[in-house]
Structure formats: C-alpha cells, structure tokens
K.L.:
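Following this message is one structure expressed as structure tokens.
In this chain, residues are counted from 1 in sequence order. All values derive from a computational prediction rather than experimental measurement.
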Amino acid sequence: SQSKHGEEMAALIQAAAVLARTGQDALHAAALHRLGTTHGQQGMYAEAEEYLRHAQAIFSSLEETRGEAGALLSLGYLYCIQDRNGEAEECFVQARVAFAVVADEDHEVEALENLVGMYAVQDKFGDAKVACMEACEMYALRGQPMSEVCTMTWELLQSLEEHPLESLLERFSEF
C-alpha cells in the first residue's frame with residue numbers, strides 16, 4: 001500500500017542520515033543505493049538518479065568496487081527506462097569493467113547483456129555483435145547455456161547480417 005511504502009521510504013531516509021552521521025560510509029552508500037532503486041521503481045527518476053550518483057561516489061571514495069559497480073548497473077537501468085541510451089551504455093560499460101575487477105561473473109555478464117541491448121537500440125550492430133559474442137563466451141566457459149536474451153540477440157544479428165532489410169521486415173511481421 002501507498003502509506004506502507006511511504007513509511008518504508010521515511011525509515012530508509014532516516015537510516016541513511018544516521019549512517020552518514022555515524023561515519024558508516026559503506027552502509028550509508030548501500031542505503032542510498034536502495035533509496036535510488038526504490039525511487040526509480042516509483043517513477044521518481046530525478047531523485048533516484050541523485051541517490052544512485054551519491055551512492056556511487058561514496059563507494060568510489062571507499063574503493064568499494066562491487067558497491068560502485070552495483071550503483072552503476074542501477075544507474076544504467078534508470079537511464080535505459082528513460083531512453084537515455086548513451087548514458088545507460090556508459091554505465092553498463094563501467095559496471096562491466098568493475099564487476100570484472102572483483103571477479104563477479106554473474107553481474108559482469110548481466111552488464112554485458114545490457115550493453116548488447118544498448119548498442120542494438122543505437123544501431124551499433126557491430127558493437128552489439130562483439131558484446132553478444134563475449135557474453136556467449138562467458139556462458140560457455142562456465143558451462144552454462146546462453147541466456148534467452150543472448151540467444152535471441154545473436155539470432156537477430158546473424159539474420160540482419162545475412163539479409164538486412166528482409167530480415168528486419170520479417171521480424172516485425174511476426175508481431
């Protein structure tokens with residue numbers, strides 16, 4: 001319900017303030033990250049961006065790479081839903097690098113798959129193909145099947161290469 005959500009938000013804001021005052025920076029950044037994602041889910045994009053950027057800056061100053069990468073990934077999603085594709089792409093690139101640094105392959109491939117989508121919507125099909133191949137390779141090295149997103153994107157890119165206009169028209173006629 002709306003009132004319960006409001007109470008949770010108020011409690012999170014209060015907790016973030018207490019954590020900031022008591023010097024618990026990593027927990028403060030985590031609370032700000034949560035506030036950012038929650039505001040984003042509620043459609044309050046400007047506030048969400050502010051919280052997420054603040055969280056990212058704190059994680060960065062603490063050299064807490066995993067937390068910074070998570071904030072970047074969340075920022076990428078936030079920009080994506082606002083059609084701010086260039087900014088989303090940059091966040092996904094940075095998140096992917098950071099997740100690679102901390103050897104978090106699950107989140108690295110998540111950032112990579114999001115990059116595939118960002119490249120595709122910006123008509124950067126060469127970049128999309130390279131990123132898709134990298135994601136597929138990561139799945140193969142881990143002995144896992146490709147994700148549905150990876151499989152569908154790969155098939156679409158292959159089809160576009162073989163028959164650019166016909167393939168596109170055929171795909172749209174399926175809808």
Side-chain angles (χ1 to χ4, degrees), residues 2-122 124 127-128 130-139 141-142 144 147 149-150:
Q2 196 72 348
S3 65
K4 182 180 179 185
H5 176 52
E7 290 171 16
E8 290 173 7
M9 290 287 271
L12 247 179
I13 290 168
Q14 186 176 12
V18 168
L19 292 166
R21 280 195 310 272
T22 58
Q24 298 183 56
D25 295 335
L27 291 174
H28 177 223
L32 292 172
H33 186 175
R34 179 73 180 128
L35 279 165
T37 56
T38 302
H39 276 81
Q41 292 165 348
Q42 296 297 313
M44 295 182 256
Y45 301 137
E47 295 90 343
E49 181 176 4
E50 188 177 322
Y51 283 123
L52 290 170
R53 282 285 174 207
H54 194 175
Q56 179 206 359
I58 293 171
F59 283 131
S60 178
S61 72
L62 296 172
E63 297 182 10
E64 171 42 68
T65 306
R66 186 180 309 277
E68 183 178 6
L72 285 164
L73 191 62
S74 294
L75 274 165
Y77 287 128
L78 181 69
Y79 293 144
C80 186
I81 60 176
Q82 297 176 78
D83 293 324
R84 293 167 61 182
N85 298 329
E87 291 165 287
E89 175 187 334
E90 185 57 33
C91 287
F92 292 140
V93 166
Q94 291 177 23
R96 183 210 176 176
V97 169
F99 284 127
V101 166
V102 296
D104 183 339
E105 290 181 352
D106 289 338
H107 286 105
E108 181 184 356
V109 79
E110 180 181 349
L112 193 53
E113 285 189 345
N114 283 294
L115 262 177
V116 171
M118 284 298 93
Y119 289 143
V121 299
Q122 296 175 85
K124 297 179 180 179
D127 291 336
V130 168
C132 191
M133 288 187 329
E134 290 175 9
C136 294
E137 185 177 307
M138 287 182 76
Y139 283 115
L141 288 173
R142 294 174 3 178
Q144 295 176 325
S147 71
V149 168
C150 206

K.L.:
Between OH of Tyr119 and CD of Glu89, what distance do you get to the nearest 0.5 Å?
P.N.:
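Going from the OH atom of Tyr119 to the CD atom of Glu89 covers 4.5 Å.
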K.L.:
How many angstroms lie between atom CG of Leu73 and atom CD of Glu68, to the nearest 0.5 angstrom?
P.N.:
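Rounded to the nearest 0.5 Å, the CG-CD separation comes out at 12.5 Å.
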K.L.:
Rounded to the nearest 0.5 Å, what's the gap from CD on Gln94 to CG on Leu75? Could you check?
P.N.:
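Output value for this atom pair is 9.5 Å.
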K.L.:
Hey, can you tell me if Tyr77 and Phe92 have their rings parallel, tilted or perpendicular (30° and 60° cut-offs)?
P.N.:
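Judged by the thresholds at 30° and 60°, the geometry between Tyr77 and Phe92 is perpendicular.
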K.L.:
With a 4.0 Å cut-off on N to O distance, would you call Arg142 and Asp106 a salt bridge?
P.N.:
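So Arg142 pairs with Asp106 through a salt bridge.
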K.L.:
How long is the gap from CD on Glu90 to CG on Leu72, to the nearest 0.5 Å?
P.N.:
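Reported value, rounded in 0.5 Å steps: 9.0 Å.
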K.L.:
Grab the two heavy atoms, one from Gly40 and one from Ala48, that are nearest each other, plus how far apart they are.
P.N.:
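Heavy atoms only, the tightest pair is N-CB, 3.4 Å.
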K.L.:
Under the criterion salt bridge (Lys or Arg N to Asp or Glu O under 4.0 Å), I'd like the reasoning laid out for Arg96 against Glu110: C-alpha separation, chi angles, the key distance, then a yes or no.
P.N.:
CA-CA 8 Å; Arg96 183 210 176 176; Glu110 180 181 349; over 6 Å; no
K.L.:
Please report the shortest heavy-atom distance between Val116 and Cys132, naming the atom on each side.
P.N.:
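So the minimum-distance heavy-atom pair works out to CG2-N, 3.4 Å.
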K.L.:
Tell me, please, which residues at least two apart from Asp83 pass salt bridge (charged side-chain N to carboxylate O under 4.0 Å, His left out).
P.N.:
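With neighbours one apart ignored, the set is empty.
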K.L.:
By side chain to side chain contact (heavy atoms under 4.5 Å, CB included), which residues pair with Thr65, not counting sequence neighbours?
P.N.:
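Here the qualifying residues are Ala98, Val101, Val102.
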K.L.:
Distance check, rounded to the nearest 0.5 Å: Phe99 atom CZ versus Arg66 atom CZ?
P.N.:
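Rounded to the nearest 0.5 Å, the CZ-CZ separation comes to 7.5 Å.
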K.L.:
Does one side chain, of His28 or Asp25, offer a donor that lies under 3.5 Å from an acceptor on the other?
P.N.:
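Side-chain D/A pair, His28 to Asp25: absent.
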K.L.:
Set out, in order, the CA-CA distance, both residues' side-chain angles and the distance that settles side chain to side chain contact (heavy atoms under 4.5 Å, CB included) for Leu52 and Leu32, then state yes or no.
P.N.:
CA-CA 6 Å; Leu52 290 170; Leu32 292 172; over 6 Å; no
K.L.:
Going by side chain to side chain contact (heavy atoms under 4.5 Å, CB included), name the residues that satisfy it together with Ala135, two or more places apart in sequence or in a different chain.
P.N.:
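Checked Ala135 against side chain to side chain contact (heavy atoms under 4.5 Å, CB included); matches are Val109, Leu112, Glu113, Cys150.
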K.L.:
Could you pull out all residues at least two apart from Glu64 that satisfy salt bridge (charged side-chain N to carboxylate O under 4.0 Å, His left out)?
P.N.:
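With neighbours one apart ignored, the set is empty.
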K.L.:
Tell me, please, which residues at least two apart from Gln82 pass side chain to side chain contact (heavy atoms under 4.5 Å, CB included).
P.N.:
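Expected list: Tyr45, Leu78, Tyr79, Arg84.
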K.L.:
Quick check: closest heavy atoms across Ala55 and Ala29, and the distance to 0.1 Å?
P.N.:
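Result for this residue pair: CB-O, 3.4 Å.
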K.L.:
Using a cut-off of 6.0 Å, state whether more than 12 heavy atoms not belonging to Glu134 lie near its atom CD.
P.N.:
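Check passes, neighbour count above 12.
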K.L.:
Kindly indicate whether the side chain of His39, heavy atoms from C-beta on, has any atom under 4.5 Å from the side chain of Glu49.
P.N.:
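Sidechains of Glu49 and His39: no contact.
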K.L.:
Can you list the residues that meet the side chain to side chain contact (heavy atoms under 4.5 Å, CB included) rule with Val121, with sequence neighbours excluded?
P.N.:
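With sequence neighbours excluded, Val121 shows a side chain to side chain contact (heavy atoms under 4.5 Å, CB included) to Asn85, Met118, given in chain and number order.
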K.L.:
So how far is it from Cys91 SG to Leu115 CG, rounded to the nearest 0.5 Å?
P.N.:
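Here the interatomic distance stands at 10.5 Å.
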K.L.:
If you take all heavy atoms of Cys80 and Ala88, which pair is closest and at what distance?
P.N.:
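Here Cys80 and Ala88 meet closest at N-CB, 3.8 Å.
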K.L.:
Main chain of Gln56, side chain of Ser60: is a donor-acceptor contact present, judged purely on distance under 3.5 Å?
P.N.:
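Answer holds: no.
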